[in-house]
Amino acid sequence: QVQLVESGGGLVQAGASLRLSCTASETILRADRMGWFRQAPGKERELVATIVISDSRTNYADAVKGRFTISRDNAKNTIELQMNSLKPEDTAAYYCWSWIQTKNVWGRGTQVTVAS
């Protein structure tokens, strides 16, 4: 069972940038797709961005298009989420996700807090 570990969250001011990283315990090449979800207090978990491992196709939630970029590094077994122009509405716990070997796998999450 692959394990996912997120890092890079923190407390920032509106307009700042953060870069989240997700490191997998084994090669990500066998994953169908990976991505990031987020969950704010009292809200359901929502998709932020996904990337198809085989062909690098990406998909973004409308709320983050043009501000966030998802990428992968097969050699390092990581995916990253570059977040620019952060807004208070982006405040949430961010979770790395993978569809790999017929299973959904989730990281423990990293907190992003954007002060107004």
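- With sequence neighbours excluded, the residues that form a salt bridge (charged side-chain N to carboxylate O under 4.0 Å, His left out) with Arg19 are Glu80.
- Partners of Lys65 under the side-chain hydrogen bond (donor to acceptor under 3.5 Å, both in side chains) rule, at least two apart in sequence or in another chain, are Asp62.
- Residues in residues 107-116 take part in no salt bridge (charged side-chain N to carboxylate O under 4.0 Å, His left out) pair, two or more places apart or across chains.
- Qualifying side-chain hydrogen bond (donor to acceptor under 3.5 Å, both in side chains) partners for Asn84, counting only residues two or more places apart in sequence or in other chains: Ser17, Gln82.
- Glu26 pairs by the side-chain hydrogen bond (donor to acceptor under 3.5 Å, both in side chains) definition with nothing, not counting sequence neighbours.
- The side-chain contact (heavy atoms from CB on, under 4.5 Å) test applied to Ser7 returns Ser21, not counting sequence neighbours.
- In plain terms, the two heavy atoms of Pro88 and Ser116 that are nearest each other are CG-CB, 3.8 Å.
- Through side-chain heavy atoms spaced under 4.5 Å, either directly or across other Ile, Leu, Val, Met, Phe, Trp or Tyr residues, Trp36 is tied to Val2, Leu4, Val12, Leu18, Leu20, Ile28, Met34, Val48, Ile51, Ile53, Tyr60, Val64, Phe68, Ile70, Ile79, Leu81, Met83, Leu86, Tyr94, Ile100, Val105, Val112, Val114.
- Qualifying side-chain contact (heavy atoms from CB on, under 4.5 Å) partners for Val52, counting only residues two or more places apart in sequence or in other chains: Arg33, Ser54, Asp55, Arg57.
- One N or O on the side chain of Ser25 and one on the backbone of Gln3 form a donor-acceptor pair closer than 3.5 Å.
- Using a 4.5 Å cut-off between side-chain heavy atoms of Ile, Leu, Val, Met, Phe, Trp and Tyr, Leu29 forms no hydrophobic cluster with any other residue.
- When the shell of 6.0 Å around CD of Gln1 is examined, it contains more than 12 heavy atoms from other residues, nucleotides or ligands.
- Take Phe37 and apply the ring-ring contact (aromatic ring centres under 6.0 Å, His included) test, not counting sequence neighbours, and it matches Trp97, Trp106.
- Listed by chain and residue number, nothing satisfies the salt bridge (charged side-chain N to carboxylate O under 4.0 Å, His left out) test with Arg45 (two or more places apart in sequence, or in another chain).
- When all heavy atoms are compared, the tightest approach of Ala31 to Ser98 is CB-OG, 3.7 Å.
- In this structure, CG on Leu11 lies 7.0 Å from CD on Gln13, to the nearest 0.5 angstrom.
- Applying the side-chain contact (heavy atoms from CB on, under 4.5 Å) criterion to Glu46, with sequence neighbours excluded, gives Arg38.
- Of the possible donor and acceptor atoms, one in the side chain of Glu6 sits under 3.5 Å from a partner among the backbone N and O of Cys96.
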